Amino acid sequence: NGLNQTKTLSAALWCYLLMGKRQSPVQIVALGVLVFSALLFQGTISFSSLFGKSDDKSKDAKEGEKKQTSLSKGILPCLGAAAISGLAGALSQKGVQVAGGSGALSQKGVQVAGGS
């Protein structure tokens, strides 16, 4: 669930690729912190791997197998979903800007379509 927060990064990337909208340096740092914290929260990286090495080889082998399974069955699908979600958000934003509509108008359209 923590990796789903990377859809913010995905949306920023897609907005840049589709619309040429650049991020400020502060926003880039914030996006980097977001990705780092998501990977740390998910257990993909750890403080011990960043600042020290473990001497226990059997423990390292078991953790490697666990990370491989976690990567293929959890992390990559979640990142893929976040990328698709970010693309959908960027396409929606581009559609609103091209049509000349306001964000409030788009939000009302989503509420009507969703039955809210």
Side-chain angles (χ1 to χ4, degrees):
N1 193 8
L3 279 179
N4 199 31
Q5 301 306 315
T6 58
K7 70 181 175 182
T8 304
L9 175 67
S10 174
L13 178 65
W14 285 113
C15 281
Y16 171 73
L17 293 174
L18 295 174
M19 299 185 299
K21 184 175 181 181
R22 293 183 160 231
Q23 305 298 322
S24 71
V26 172
Q27 289 172 322
I28 291 172
V29 169
L31 290 169
V33 170
L34 175 72
V35 170
F36 176 76
S37 63
L39 293 174
L40 189 64
F41 174 76
Q42 195 67 23
T44 305
I45 57 174
S46 66
F47 280 118
S48 62
S49 66
L50 292 173
F51 300 113
K53 293 194 173 201
S54 175
D55 293 334
D56 189 4
K57 300 291 182 190
S58 63
K59 184 178 177 182
D60 288 344
K62 288 179 185 177
E63 285 182 11
E65 290 174 16
K66 183 178 176 183
K67 284 184 181 182
Q68 186 68 18
T69 301
S70 176
L71 182 68
S72 65
K73 294 186 178 179
I75 295 172
L76 291 179
C78 187
L79 289 176
I84 292 169
S85 177
L87 175 60
L91 289 172
S92 296
Q93 180 69 23
K94 185 174 182 178
V96 168
Q97 287 184 352
V98 168
S102 69
L105 180 61
S106 174
Q107 187 177 16
K108 289 291 183 191
V110 170
Q111 288 176 347
V112 169
S116 300

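FYI, the numbering just counts along the sequence from 1. Just so it is clear, the structure is predicted and the values come from calculations on it, not from any experiment.
- L79 CG to I84 CD1: the interatomic distance, rounded to the nearest 0.5 Å, is 11.5 Å.
- Separation of atoms CG (L87) and NZ (K94) is listed at 10.5 Å; rounding is to 0.5 Å.
- When every heavy atom of W14 is checked against every heavy atom of A90, the shortest pair comes out as CB-CB, 3.5 Å.
- Criterion: ILVMFWY side-chain heavy atoms under 4.5 Å apart, direct or through other members. Under it, L18 and V96 are not part of a common hydrophobic cluster.
- A distance-only check finds no donor-acceptor pair linking the side chain of S85 to the backbone of A81 [under 3.5 Å].
- Between atom NZ of residue K7 and atom CG of residue L34 there is a gap of 11.5 Å, rounded to the nearest 0.5 Å.
- A82 and S10 get closest at one heavy-atom pair: O-OG, 3.2 Å.
- Rounding to the nearest 0.5 Å gives a distance of 5.0 Å between CE of M19 and CD of Q93.
- Residue F36 is grouped with residue L31 when hydrophobic side chains (ILVMFWY) are merged at heavy-atom distances under 4.5 angstrom, including chains of intermediate members.
- Between V35 and L9, the shortest heavy-atom contact is CG2-CD2, 3.1 Å.
- Applying the side chain to side chain donor-acceptor pair (under 3.5 Å) test to Q23 and every residue at least two apart in sequence or in another chain returns nothing.
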